[in-house]
Structures are given as C-alpha cells and as structure tokens.
Amino acid sequence: MIRIPVVTLMLGLGLGLAPARDLASTDSWPSDPAVNLLVCTAPGSQEIPRIAVDGQGGAFIVWQDYRSPTGYADIYAQHVTALGSLDPLWPDSGLAVCTASDYQDVPDVAFDGATAVMAWIDSRVPMTARPFAQRVARDGQALWQSDGIPLTQRDDALGKLVVVPDDQGGTIALWDNLADGYGDIYAQRISLSGALQWGSAAPVCVAEGYQVINSAIPDGSGGVFAAWFDRPPGTWGRVRVQHLSPAGAPLWDPRGVPACSLFDSQGLPEVSPDGQGGIYVTWEDYRGLAQYPDVYMAHVTSSGTPDSTWPAGGLPVDTVGFAAADPRLVPDGAGGVLVSWMGVRVAGGGVYGQHVTAAGAQLWPEGGLRLTPGALGFRKHRAVTDDAGGMIVVWEEAGQGQTFHPYAQRVSGSGTLLWGAGIALSTAVNDLYGNMNPSAVADGAGGALVAWQDQRNGAYDIYAQNVNADGTLGGVVVDVLVSLVDVLVRPGSVRIRWYASAGPFARATVQRTLDAADWTAVGEIAADGTGQLSFVDESVLPGARYGYRLVATRDGRNLTSEPVWVDVPSRVGFQLAPPRPNPLSDHAVVRFALPTAEQGDLALYDVSGRRVATLASGAFEAGTHELLWKARDITGNPLRSGVYLLRLRAGRDVLTTRVVIFE
C-alpha cells in the first residue's frame, strides 16, 4: 500500500501552490501481524482503549490505566501519527490526562475538529461519581484545568459514558446517573474553552424506572441524537431515542420516542443518521420473552415519528439464526445504512451484515451476509465506514489455539467481501478470554485504525494497527507528492485536477470504480507544465458515486494515490456546504454548487462584516465545485481565532455559512 503525503494548496482564482512538506521514505506501521504498534506497556494494566481520528491520518487513543501504586485507575492517552509512530511530543508511556485521587474509569474520546476531548467517570470527591472531561491539543498540551473539568455537580454518575463532537467546535457528553435513586440519563455540551453550555446538565430522560445510555451521534448543528434502554416499573424494557437541540432541549417526545411500540424486551440500541434529519436505530430484541435475541431496526423521521412505511414492530434483520446480538450501524453514504451483528447459527458463529435502504429494503441475503468464517469463539465487534459505501468490521476471534486475536473484514455496499476470509490484525499470543475491547475508526482512505488491549506480555497493554483499503497491514510513505486541486461535478460529467511534484505522477493512469473493489483504467494524463494533471469523465451516470485515483510506475512498483470520491448529482442547485473540518486551524475543504454559470466570488468575512479573505472569484462554471483552502487572510497571514462567515455570491444569489477558526 503506497501512502501519498498531501500538498497543502491555497486556492483562489490563480490556484497558488504552497510549498510541499517533503517526507523521507519510512515504514513505521508494522506490516507483521505478530508485531503491532505498542501504544503503552507501563507497569500495571492498561484497559478499555477508545480511539478517535486526529484529522491528519493518525489517531488519539485513551484508556483506563492501573500503573498507580494506589491500585486505583487513572486516565492516560497517546497520539499515534499517520505514519504509525508514537508522537514524539507526547510521553512515551502515555500522557497523564487525569491522575486525581481515587478512581477514574470508562473513558471515551472524540475529535472536535482540531483536538481530542476525553471524558470519563471520576470519583475524586469521596462518595460521589461525576463525569469529567479534558481537551488535549495535538502537541499533548492539556487545554483545560489540570485533571479535567466536572461536567455537572450532580453526583452518582454510574455505568456508561459517551462523548461525541457537536460539529460546531465543541463536544457533547452523555452519561447514566443514579442521583435520584433511579438510572436517569443526562447530557452536557462543552465549548472549545471548556464552558458548560447546558447549565448543570440537560436531562435526556429522567422518567420513572431506570435508563441506560448506549449510543449517541451528533446532529450536525450542535445537537445530538441519543438512544438508550428504558425500563419503566413492571415492564421488560424497550429502546427509546431522543433528539436534543443545540440548547439541550428535547425536540421529540419528552420521555423519548420508542423505537418499537408493539413489544417490550429490547436492548443495546445503536443509532445512525439518515441524512434527512432523522435516524436509524437497531437493537437486540427478546420479543415473546425468547431466551436468545434477534436483531431488529427502525427508521425515525426528523419529526420524531416512526417511519410509517416500515413495519410497525420493527424491521426484522436477523430472526433466522439461533441468536443475533450486539448490532452496529454504519451510514452507506446514499441515505441507507449498513448493519453488522454477532450471529450464532447451527454451523457456528461469526459476524453477519445487511444493507438496508431508506425504504427498508434489505439488499443482501435474508438473515444477513456472513462476513467471517466459522469461528470456534468470537466476541466484541465494531463497525466503521470505508468511505466508499461499504463498511469495515473488527472483531475478536479464537482459533485452534483457543486464544483470541483481533480480525477485520471489509464489505462493499453490493455485498462483496473484499478481504477474503478476513484479515488477522494480530497473531501474537493474545487474550485467553476474549476481553480485548477493540475500538476502531476509519482512516479516510478505505482502511481503518484499530486499538485494543491484550496480554502478550502478561498484564494488559494497549496496541494499535492499521489495515489498508486492500487488506494489507503497514505501508511505505514515499517521497512522491500528489494532491487534489479541485473537483467540478455536473449531472453528466466530472472534472478532477491533481497537482504532482516532478516524478512518476507527472504522467499517470486514471482509474475509476463504483464499489472500491474493481478499479478500471479510464484514461492517461500528463502534467501541463505547472504540475497540474486534469481529467474529464463524461461517461458518468446522474445519481451515481464514483471513485478516482492515479496510478504510476516507479522502479518497477505501482504507486497509487488516495482515492477521490465523487457524488454525481441528478440536478444541481445553488448550495454552499460548511467547510470540512469546522472548526479549522490550518486548512479545510470547501464545497459549493451552482445550477448555471455565473460571475461571483467566495469570500470570508469577520463578524463586523469586513472581508478578510477571498477564496475564489471570477467566472464560476455550472456544477459542484470542491476546493482546498488554506486559512490565510488577504495578506497571506494566518487568520486569528474566532467566528467568521463564509459567503458565496453568484449573480444575485447569496449563501452564507459559519466558520470557526482557532490558532
């Protein structure tokens, strides 16, 4: 797998190029599954790792750490670079996020667009348990007060805690609380500066009985969707969901919307966005008081009502096996969702999957597609997007030696298994009991980064491994520089421009795919003398999604650029999407669309209305435009931290979106 460093571009009318960062050849991610990247092997035990992207191809990993002689757990973290090495700015044995007295546990981590926000349950105050959080910069500097900030003054937090970005530069944490004698659920939104936005905490559900939070996702505008197990007195319990506004107010039924109103005995819900302001939710279902669960799912619309076109009792995803449990959801990028779960059949157990459309149609075999071979033993699994309409699942599996190892499989949206019988991420002598607690994130290039705990050295230590889009481990970073300049998309055509330094990519083959499995050559292109390579594809279908990449040969080896994924619209409207990421510190991707060719400009303004930067101006072609923007003002200096307005003007039409920048 060849990884290509990205050149940072500053795009305006003239598309000026910033200097490229030259990277020497290296091979830091282990390619041997018997090795893996050792994240932490401090004295004592390190457990329950959680992983989040860092926005630059690497990851933040946080865990519960027992190195303290007191025997109580503390919270530690590490930053792994995109090259697969421990960040030299962070301590080798991990950054001490919180070493306060008594107990800290059940950590979670989220990427807020530039930094990592880590949250946990903390018992530093005797006879209490409260959620705390800390924000950590990429250089390992804690940005809030030492040992973190309390997210509420309510005591008796217990059980699970979940933290997600609010997609506006802050984060949202949700947790279980027993302060009222029952298991209630509360949430808190935290700003970049660590200010609490929802008072003493927003109640998600404080109804009679007890509730246990299980899953949460941001709504994209500062709010959050949450799903939990709810057990009123005298019932077996059911799954409920809620949508909290950016102010922490419930937007749906105050008790929460039942995912399935016809039956009790549901649990372990998982949610995923539907792209239209609603959510998909899946769960374990014991209807009829069955001894073993099945997997069902439902669609809840943006108004908080169950989709009337779906079965009222929930869509049966797997009711044909002996048992089906622990379901996960991944958006397919086209309005539908991919489901994975742990299934048990007469012939053995493994991970199964299903592709469900927005209309509730199931595209893969009834009862699910088997994603793994028969296993002697299998446990916890995770699922992440492959950014190409499919998903990557990671699970623990025991082989003939009865020791558990982490495995991975990639499946396309069409149901093709892309990594054969699955890839062993580690073959070291690992866990005897299947307690590796794997955590995974997509790497943005069709692969994944995975962290877990294992016992190869006796006590639990934290390890990590990458797996590339083609199922290989490790990778070589070569000193070839290639980057995307821009993309112009129309209903019947796609134009892509790359920039490449002198070398093999000065002339390259363009390959295209629909499912990331079969890449087909569609053209040969050469640089135009300025380093730019331009390709126009006029054989695309409206509404389809295509991937493009460059392939060149150097010293007998094929070099491949990271893929560019393009959604071809059926028709184009006047649109301006928020930059990605947002907030941003250095550069971002900006996307806008025009139904007709117009004179106009795309510019950044401060809150007083003063123009501070021009991203592009002149004659805009009709279609969807995507460009990389380096956060500089009109004079070329870095923009100061603050809130700005990005404004697109085309003819008489104007669109504006908010941008948050921090230094």
Non-neighbouring partners of Ala137 that pass side chain to side chain contact (heavy atoms under 4.5 Å, CB included), sequence neighbours left out
Thr115, Asp139, Leu143

Among residues two or more places apart or on two chains, list those pairs meeting ring-ring contact (aromatic ring centres under 6.0 Å, His included) that have a residue in residues 589-624.
Phe592-Phe620, Phe592-His625

Does the side-chain contact (heavy atoms from CB on, under 4.5 Å) test come out yes or no for Asn36 and Trp452, once each step is laid out?
CA-CA 11 Å; Asn36 309 122; Trp452 67 88; 3.8 Å; yes

Going by the angle between their ring planes, with limits at 30° and 60°, are His79 and Trp90 parallel, tilted or perpendicular?
tilted

Quick check: does any side chain N or O of Arg135 sit under 3.5 Å from a backbone N or O of Ser193, one acting as donor and the other as acceptor?
no

Over all atoms of both residues, closest heavy-atom pair of Val339 and Val356
CG2-CG2, 4.2 Å

Leu473 side chain near Trp29 side chain, heavy-atom distance below 4.5 Å
no

If you define the side chain from C-beta out and look only at heavy atoms, does anything of Thr472 sit under 4.5 Å from Ser31?
no

CD1 on Ile634 to CZ on Arg610, rounded to 0.5 Å:
7.5 Å

With a 4.5 Å cut-off on side-chain heavy atoms, are Met391 and Ser340 touching?
yes

Donor-acceptor check, side chain of Arg410 to backbone of Gly390, threshold 3.5 angstrom: yes or no?
no

Counterpart residues, side chain to side chain contact (heavy atoms under 4.5 Å, CB included), relative to Ile217 (two or more places apart)
Phe225, Val271, Pro273, Ile279

When you measure from the side chain of Asn466 to the backbone N and O of Gly474, does any donor-acceptor pair fall under 3.5 Å?
yes

Exam field: side chain Asn468 to backbone Asp470, donor-acceptor pair closer than 3.5 Å:
no

Test your reading of the model: is there a side-chain donor-acceptor pair from Thr385 to the backbone of Asp387, 3.5 Å cut-off?
yes

List the steps and the verdict of side-chain contact (heavy atoms from CB on, under 4.5 Å) for Arg495 and Glu621.
CA-CA 11 Å; Arg495 187 197 72 194; Glu621 298 180 59; 3.1 Å; yes

Do Arg512 and Ser539 have side-chain heavy atoms sitting under 4.5 Å apart?
yes

side-chain hydrogen bond (donor to acceptor under 3.5 Å, both in side chains) against Ser493, all qualifying residues, sequence neighbours excluded
none

Looking only at atom types and distance, does a side-chain atom of Gln511 sit under 3.5 Å from a main-chain N or O of Gly523, one as donor and one as acceptor?
no

Spatial distance of atom OG1 (Thr614) from atom CH2 (Trp629) [nearest 0.5 Å]
10.5 Å

What distance do Ile61 atom CD1 and Leu37 atom CG have between them, rounded to the nearest 0.5 Å?
7.5 Å

Would you sort out whether Leu449 and Val80 count as a side-chain contact (heavy atoms from CB on, under 4.5 Å), showing the intermediate values?
CA-CA 10 Å; Leu449 306 177; Val80 178; over 6 Å; no

Mind checking whether Tyr546 and Tyr548 have parallel, tilted or perpendicular rings, split at 30° and 60°?
tilted

Would you give me the side-chain donor-acceptor pairs under 3.5 Å for residues 650-658, sequence neighbours excluded?
{"residue": "Thr656", "atom": "OG1", "partner": "Arg647", "partner atom": "NE", "Å": "3.4"}
{"residue": "Arg658", "atom": "NH2", "partner": "Gln168", "partner atom": "OE1", "Å": "2.9"}

Side-chain contact, heavy-atom cut-off 4.5 Å: Leu541 with Val568?
no

Do Arg138 and Gln56 make a side-chain contact, defined as non-hydrogen atoms from C-beta onward lying under 4.5 Å apart?
yes

For Leu363, does its backbone N or O pair with a side-chain atom of His355 as donor and acceptor, under 3.5 Å?
no

Inter-residue atom distance Arg649.CZ - Leu576.CG, 0.5 Å rounding
13.5 Å

Carefully, step by step, assess Tyr463 and Leu425 under the rule side-chain contact (heavy atoms from CB on, under 4.5 Å).
CA-CA 11 Å; Tyr463 285 83; Leu425 301 179; over 6 Å; no

Examine distances only and state if a side-chain atom of Trp395 and a backbone atom of Pro438 form a donor-acceptor pair shorter than 3.5 Å.
no

Results of side-chain hydrogen bond (donor to acceptor under 3.5 Å, both in side chains) for Asp219 - residues two or more places apart only
Ser221, His243

With a 4.5 Å cut-off on side-chain heavy atoms, are Val489 and Val540 touching?
no

Are the side chain of Gln354 and the backbone N or O of Val337 linked by a donor-acceptor pair below 3.5 Å?
no

Side chain Thr509, main chain Ala521, donor-acceptor under 3.5 Å
no

Do Leu550 and Phe535 touch side chain to side chain, with heavy atoms closer than 4.5 Å?
no

What distance separates Leu95 CG from Met118 CE, expressed to the nearest 0.5 Å?
7.0 Å

